[in-house]
Amino acid sequence: MARDHGAQIKDDGLYEELRKQGQSKEKAARIANAKAKGSLEHRSTHLEDRTKDELMKEAREIGIAGRSKMDKAALIKAIRDHG
């Protein structure tokens, strides 16, 4: 039985599973809440197949610092390492 994490976490079971997998509290909460809301995007493309603008948008959404000075390869690494 999933522990109640309060009103800020909408899917406690998914949140706990993501935390067990090593996700940060912020990332696990973001995913669990998006899944509960039905707005979880399934990005099926590989990061390498995305444009730099798409990578910049994702980096901005997840709060990667210094992204404006990164090239495409650095953005990909930062996104993969985020969490």
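Just the heavy atoms: all of them, side chains too, but no hydrogens, waters or symmetry mates, feed the values below.
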Counting only N and O atoms by type, is there a donor-acceptor contact under 3.5 Å from the side chain of R60 to the main-chain atoms of I64?
no

What residues, two or more places apart in sequence or in another chain, satisfy salt bridge (Lys or Arg N to Asp or Glu O under 4.0 Å) together with K77?
D81

Just wondering, do L55 and M70 contact through their side chains at under 4.5 Å, heavy atoms?
no

Do you know which of R50, R67, R80 makes salt bridge (Lys or Arg N to Asp or Glu O under 4.0 Å) with E58?
R50

Looking at A32 and L14, what are the two nearest heavy atoms and their distance?
CA-CD2, 3.8 Å

Working to the nearest 0.5 angstrom, can you tell me the gap between Q21 CD and K27 NZ?
10.0 Å

Report the residues that fulfil side-chain contact (heavy atoms from CB on, under 4.5 Å) with D71, sequence neighbours left out, ordered by chain and then residue number.
A73, A74

K52 versus L75: any side-chain heavy-atom pair under 4.5 Å?
yes

What do you reckon, is NZ of K72 surrounded by more than 12 foreign heavy atoms closer than 6.0 Å?
yes

Gap separating the CG atom of L18 from the NZ atom of K25, nearest 0.5 angstrom
14.5 Å

